[in-house]
Amino acid sequence: MSEQKVVEPRTWDLGPETEYRFELDPGTTLAIKLVQGHAEIFGFELVEGKVYLFGYECKAALFTWLGCVIEMSSKLCEPSTEYISDETPMRAYANLHIALEQMRVRALRQIRGSPAPPGDVSKTEPPKILVVGPEHSGKTTVCKILTNYAVRAGQGWSPFLVNVDPSEGAWAMPGTISVAPVYGPIPTSSPANPLGTASTTAPLSLSSNKLLPLSYWYGHSDTKRNPLLMNRLIRNLGENISDRFELDSEARASGLIVDTPSSFASGPSSNNQRQKLIKACVDAFKINMIVVVGHEKLNVEMQRTYGSQLTVVKIPKSGGVVELDQAYRERVQNYEMHTYMYGQVIKPPPGITNGTLGGENLTDLILSPSSTIVNFGDLQIYRIGSDTMAPSDVLPVGATRTVSEMQPVVVDPASPSSGLFNAVLALLAPQNPDENERYDEEILDLSVVGFLVVTNIDTVKRKMTILAPNRGSFTGRTAVAGSFEWQEQMTGLPVDVAGADSSPVAMSAISRFFLPASRRTYSSYFSSKPGGGRYFNSAKAPKNAVVAAKTNSKAETPSEVQQDNIKAASTPSSSANTSSVNDAQSPSPPNAPTSGASEELKAGSPEPADLSNAFAEFTHNHIPQLSITSKDFKTHQFFSLHRPLLLISQPSTIFREVPSNLPLFSSLKPEAEQSTQPNYGLGGPVDPFIDADAEAARQLTRALTLSKAGSTLAWENTLRHLGLDVNKEADRVNLQQQFDKEWEEVLLDSTKRKRRKKMKKHKWVSDTSNLRYCC
Ligand SMILES: Nc1ncnc2c1ncn2[C@@H]1O[C@H](COP(=O)(O)OP(=O)(O)OP(=O)(O)O)[C@@H](O)[C@H]1O
């Protein structure tokens, strides 16, 4: 007999300066509504009456400065731990925020050339803070609170948030280190997106947060695994940030906040690698304040080492910070990887129909990845250094390496020891097409444009199946493997109370029938091809692959589910295909690669293809192909990072009007016809979405020009109003010269970077066995 479930909300009354802390177990979801007063979650202010959902084993706290009343979902969905605490370090954090705010104001005053108040001799450096602390001290939380307070200050600040903790992943997959200018408060709803959702992995309608990160791939979660590589990537990030600040001096005033891994704080102070990495951060990001979270010894160590050159501040650790074990961290990394591909799939608790994730609609955060079969030779895959590697300085005296920590080693997918099956790969930005500008370790300096997972390897046919956010060609592209492995089965997700399978795999498979397959943008801040291409979608309709071998218990990727469905619907021999659909829904993890497991759907078959194929064909036939030069690409790259909000109107191409005479479902082109398509760049087919980049660059450039022209006109009007001659005004002439210079710099940006890279290359010297950083 089924018992009637009573759905009654619980109410908590919080006093001033108290916080409600909660910890969710795997599979549970919590809904919180602010009924009265003001409350915030790690600096993100809640809207009264809105329902906020939390999942993926989220552990967080809702804090109120003045007191509030909140309503919780129901007794059926209670967190495993929940309590109210009136001992919080929020006053100390707020004081720190005020100090940073004063630094920003002084910096902006100096940048704008305004006079300082009489007697004010304070430094005019914007805050550039490095947050360090031991494990579970709440470093990430402190960074989030300080960033949220800055953007909420109403001064138009957009601080740069830097994550150098590769175990966390921040806005992308774990294994990356990244930076993003933050324009809106960062919500907290799950540990899978600790620093918010990037606009490249979320729908373009996302309103709360438009984050466009720049990421580098380290590939491991532990910084001790390859400190040399970590050091170099930190310096690369720093160089990019400096370039950005050079070109936008007012953005510099907002400053930057760097979140570090706990390995920076653990171990003896004599630990060379740890010290070198802290030094790399201090140098690369031009740090002027180190914030030590709740650790006396580390505070003393930082004071001794850096006290003479910068400010070292110690702040208390919150008693609410949860000690996370290794198993939890691995689950969170798994959530992050799945969230990257499938979006955030959170099942609201019973009775909740209007829940939001950090204020966003639930369905808006569900994504649809795609499976593509590629030839082994299409994608060049590397590993940095050898697979199992102890740092050079722990090798026995006199011992040398055969492969250095920094050496890119080509991985052969056909080799049984390639370790590529289920490996997460970082797809890199295109290499410099100019051969004269190439250098040996160039791929170490290329940023990430997206992530792929190798879900199947067919050594007989020399093909592999790649799970990617979007369909498209990888021909001529470069990817780097790390030590992260994709696990198909996710534990800890909410179980559908209605009995349906709500795992991301199933959800995604369902969602793709309702959502356009190409809705998912691929890291739009960088091109997928030299010279542009915002989307991975290819003009060439991808071949539909069908998994033929159904004898094992392999769970196919959702795209295979979709493709199987297409096949099942389109071929007469449906019995085998029906079983393939069933197999695809099996939640069991994939087995070892099956040889001959995939075969291609015959090109030119009269059966209907899926919508995305029809769309790809339509774009190929009807959208004019625009070419974009490397210079335009760099300009776009800079401006997309510089004015990310303007990218929100993208992509123009997917909203293009479809001619009424185009059939909704069109068949695939014959193989012969496909192969006659012109190639672009490194041999890949022409990307129809390349014009999205050109269009974006044009729009961004136009917006910036209009904004500058608008302010110049406004200034002229002001001068006229004051009765001054606009043509004789010295400042105006200077301003015009400055604008001209800025434009010149933007246009020369590409060349400048190339030169820098060359210079950087010369900083590296190689001995016979190893490459060492010599600064
Ligand atoms: N006041 C609080 N109440 C409840 N949970 C909290 C509180 N502050 C932080 N947490 C949670 O504790 C966990 C650890 O916090 P956080 O990630 O900030 O620590 P960290 O020092 O950055 O961790 P790591 O050592 O992994 O770098 C997170 O899940 C966070 O949401």
Side-chain angles (χ1 to χ4, degrees), residues 12 14 17-26 30 32 39-44 52 54-65 79-94 129-148 161-170 174 177 186-196 221-224 257-267 274 277-278 281 291-295 298 315-333 335-336 358 492:
W12 291 68
L14 304 188
E17 290 189 47
T18 57
E19 70 183 15
Y20 164 78
R21 295 171 181 163
F22 63 88
E23 292 173 33
L24 296 184
D25 272 350
L30 177 70
I32 298 181
E40 58 188 43
I41 294 181
F42 300 149
F44 175 89
Y52 294 87
F54 304 85
Y56 293 92
E57 300 184 58
C58 184
K59 297 156 195 336
L62 180 146
F63 176 78
T64 175
W65 285 103
S80 59
T81 306
E82 54 176 351
Y83 60 98
I84 291 177
S85 169
D86 55 6
E87 278 181 31
T88 76
M90 290 303 285
R91 272 183 185 231
Y93 295 174
I129 70 169
L130 185 75
V131 179
V132 291
E135 221 178 352
H136 324 303
S137 53
K139 299 175 292 298
T140 310
T141 307
V142 168
C143 293
K144 203 152 50 167
I145 292 173
L146 293 176
T147 308
N148 281 344
L161 187 51
V162 185
N163 171 53
V164 289
D165 182 354
S167 68
E168 208 152 61
I177 65 167
I186 302 167
T188 298
S189 54
S190 88
N193 294 96
L195 300 181
S221 53
D222 190 355
T223 56
K224 290 180 201 134
I257 298 171
V258 186
D259 182 21
T260 60
S262 53
S263 59
F264 279 23
S266 55
R274 175 167 84 81
L277 290 179
I278 296 178
C281 285
V291 175
V292 181
V293 189
H295 200 282
L298 186 65
I315 55 170
K317 168 189 165 176
S318 168
V321 181
V322 183
E323 298 204 355
L324 313 168
D325 59 19
Q326 189 52 31
Y328 175 84
R329 283 176 196 276
E330 279 168 18
R331 284 203 301 279
V332 167
Q333 286 174 349
Y335 293 151
E336 282 176 347

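One-based numbering, in listed order, for ligands and for the atoms of each.
The closest approach between P191 and ligand 1 stays at or above 4.0 Å for every heavy atom of the residue. The shortest heavy-atom distance from F42 to ligand 1 is under 4.0 Å.
Contacts with ligand 1 closer than 4.0 Å are made by side-chain heavy atoms of D165 only, the backbone lying farther away. Counting heavy atoms closer than 4.0 Å to ligand 1, residue E23 contributes nothing at all. For F22, no heavy-atom contact with ligand 1 is shorter than 4.0 Å. Counting heavy atoms closer than 4.0 Å to ligand 1, residue S318 contributes side-chain atoms (C-beta onward) but none from N, CA, C or O.
Considering only non-hydrogen protein atoms, atom 11 (C) of ligand 1 sits nearest to K59 O, 3.6 Å. Remark: minimum distance from atom 26 (O) of ligand 1 to any protein heavy atom is reached at R329 NH1, 2.6 Å. Nearest protein neighbour of atom 14 (C) of ligand 1, counting heavy atoms only, is V321 CG1, 3.6 Å. When hydrogens are left out, the protein atom nearest atom 12 (O) of ligand 1 is V322 N, 3.1 Å; that is the closest non-hydrogen contact.
In terms of polar-atom proximity, defined here as any N/O pair under 3.5 Å, E19 does make such a contact with ligand 1. The shortest N/O to N/O separation between T260 and ligand 1 does not fall below 3.5 Å.
The pair R329-E135 meets the salt-bridge criterion, with a side-chain N (NZ, NE, NH1 or NH2) lying under 4.0 Å from an Asp/Glu carboxylate O.
Looking at T81, L324, T141, D259 and measuring to atom 9 (C) of ligand 1, the nearest heavy atom belongs to T141. Of all the listed residues (A265, G320, S137), G320 holds the heavy atom that lies closest to atom 5 (N) of ligand 1.
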